[in-house]
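Take a look at the structure set out below.
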2 protein chains.
Amino acid sequence: MVHIPNEPVPSPSAPRSVPTSADVARLAGVSRATVSYVLNNTSAVRISEPTRRRVHEAAKELGYVPHAAARSLRAGHSRMVLIPTPNVPVGPLYNQFFNELQWALSRLEYTVVQYGDLSPHGDEAARAWAELRPVAVLVPGGGLGPQGLAVLKRSGARAVVTLGAERVEGAHAVLLDHEGVGHSAGRHLLARGRRAVGVVVPEEPGLEMFSKPRLEGVRRALQGTGATVTELPLAYEEEAAARLAARWRPLGLDAVFAYNDEYAMLLMRALQDEGIAIPRETAVIGADDLMLGRLLRPRLSTVHIELPSGRDLAELVDRAVRDPGVAPEVHEVLGTRVVQRESS
Amino acid sequence: MVHIPNEPVPSPSAPRSVPTSADVARLAGVSRATVSYVLNNTSAVRISEPTRRRVHEAAKELGYVPHAAARSLRAGHSRMVLIPTPNVPVGPLYNQFFNELQWALSRLEYTVVQYGDLSPHGDEAARAWAELRPVAVLVPGGGLGPQGLAVLKRSGARAVVTLGAERVEGAHAVLLDHEGVGHSAGRHLLARGRRAVGVVVPEEPGLEMFSKPRLEGVRRALQGTGATVTELPLAYEEEAAARLAARWRPLGLDAVFAYNDEYAMLLMRALQDEGIAIPRETAVIGADDLMLGRLLRPRLSTVHIELPSGRDLAELVDRAVRDPGVAPEVHEVLGTRVVQRESS
DNA sequence: TTGAAAGCGTTACCAC
DNA sequence: GTGGTAACGCTTTCAA
């Protein structure tokens, strides 16, 4: 017996509900199967030209749009790549990288879902991510543990890529060597003959993940050289920078590595306003190589960070999705390179 | 008769496929319905404590995670808010706004999907968006026509909000008055006694949407005053700025409005390198009120743009979702305000 | 060439 | 209290 769904009688002017393939079939006078064949251009089945036309016309008339969730439910997989929003204030570098990545993934016909994090602990969050049954998950910033990874894999994720300082066994990893950034900066300042190096550490919460390794990198670079490292907490505000600058001379520093270019610009300006000569009295170097660093005078020296291109990462994801059996790749990135300009 | 799905015999060490509520039910020795009741804490039905425990244990043991798509297929609606990625290079202002918005929507338990645009024409793109059956769609940058709106509504979107210069009949709108930004800048320069105003127009493709109205705003402000407007195409590179600066004096301009602060900083630096006194010879004003504008000397004047807070917009979406019948709201935003510093 | 029907994972309704 | 079963919208195998 044909099953008749208890459809509500469509009153003529009621806002009719969203049309399904069954509606199209009805209007075209064919079966749902035929509709599917026609609209998906299934090559295994030949449908007569008049029928095709009728189906297309019916679909157009009703404004039919297939239901992606139903489709992937049936198919057993989706092409969704889930990327949790980092719950820390990210800089322009990350935003640019993310946009590039998203674009590249779109080109490969993935749908990118940026998932707004609320639960800070990755292993709980992973459950929420898994509910969406993404084919791949790209986790920035080390919020994933082995537990979380297991949940994701079990729920069908064919590729999990972490993007951060540490790797998780069993997942692909793009290792961001923040320690190396600090190390480059430290070595550079040392080579320029500096012996008392300040390191700006942002006070904004959530950035410790990046700022601590950068600080440690400087420490390592100066180890055993007799040069000193002084930690300098700084909020991203003009007033805070001015206060730090006001007590600068007593600190006895002859160089400063400022976490990134934005903090570097902020501090350098404050130092100049205080009458401190740069680089003569104090050398300044930032990181991230932002365009704007070139606009100050002296031009800001910086540690350029070689992020993987969005395209490369998208291709890594795609490879992993196509062949989930492949051994997890670990990409050491962040080729760091000092760009010496005039401030150091 | 109980239906027995033809499940593949699970070889002991094979990567077992993703567990479903049926698996949990089997392991716990109860029905799928009971599993659903227990895991969703359905209050209408009371389940014995031992049963609850067995279900929870089975779920944990299997690492069961519910399938969001199946759930929303069944429920007939999702809580997905779809936001297409603008296919133009967006500035830090938009990125910050987007992050805020995303965060606010998450708090209201919406899932934000940033959809990577490929088809430039909104009315076609709308079909792709509609496949995801989002409960709300937030379209930045005027890529939506009446056709597209109709498709979205028909496919069940309960709220459609455009974010741009023009509104679409029937959709909520947050109107960004770029023309007003230019107007403010123009009036300000006029009030400072300037008579020959240059307007920087980025050469980067895709920004015309913003730059043209800003230019027109300046034109309108100066109309009938005898002051002149000169359009100045400029790429976002130091060399381009230097070239423009090199031919500056012959242009005979005594002021320039530079699209936004980034272009303003770039140009101002190039002008200074050319020996042009700012603001004496040429006044400079930007827009967007970026922190970094305060770091140049002279400090950069700017047009501050009052974007709606992410929270406000999230609440607008939520209201519209809860009561789709409500008349579309039109929010005129962009209270523009000139922040005069030292460059004008 | 077309159609009937099974089934994806979930929840709501209605018997037991 | 608990369990069977239909139904969400779609694809696909098998039969006609």
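Reckoned from all heavy atoms, side chains included, excluding hydrogens, waters and symmetry mates. Every chain is numbered from 1 and lettered A, B, ... according to where its sequence line falls, protein lines coming before strand lines. Quick caveat: nothing in here was measured; it's all calculated off a predicted structure.
Mapping B/Thr51 and A/Thr20 onto DNA chain D via the closest heavy atom, the residue that lands nearer the 5' end is B/Thr51. Looking at which nucleotide of DNA chain C each of B/Ala68 and A/Ser31 is closest to, the 5′-most match is held by A/Ser31.
Counting any heavy atom pair closer than 4.0 Å across all strands shown, A/Ser21 reaches sugar-phosphate atoms only and no base atom.
Residue-to-nucleotide contacts include no donor-acceptor pair under 3.5 Å from the side chain of B/Tyr37 to the base of C/dT10.
Rounded to 10 degrees, the angle between the two end axes of the helix from C/dT1-D/dA16 to C/dC16-D/dG1 is 50°, with five pairs used at each end.
The stretch residues 69-82 of chain A comes close to DNA chain C through A/Leu73, A/Arg74, each having a heavy atom under 4.0 Å from the strand.
The interatomic distance linking A/Arg26 (CZ) with C/dG3 (P) rounds to 14 Å, in whole Å. The CZ-C1' distance, from A/Arg32 to D/dC14, rounds to 16 Å in whole Å. One interatomic measurement links the two molecules: CZ of B/Arg53 to C1' of D/dT2, which rounds to 18 Å at whole-angstrom precision. Rounded to an integer number of Å, the gap from B/Arg52 CZ to D/dG1 P is 12 Å.
Here the side chain of A/Val45 is nearest to one of C/dA5, D/dC10, C/dT2, namely C/dT2. The nucleotide whose nearest atom lies closest to any side-chain atom of A/His67 is, among D/dC10, C/dG3, C/dA12, D/dC10.
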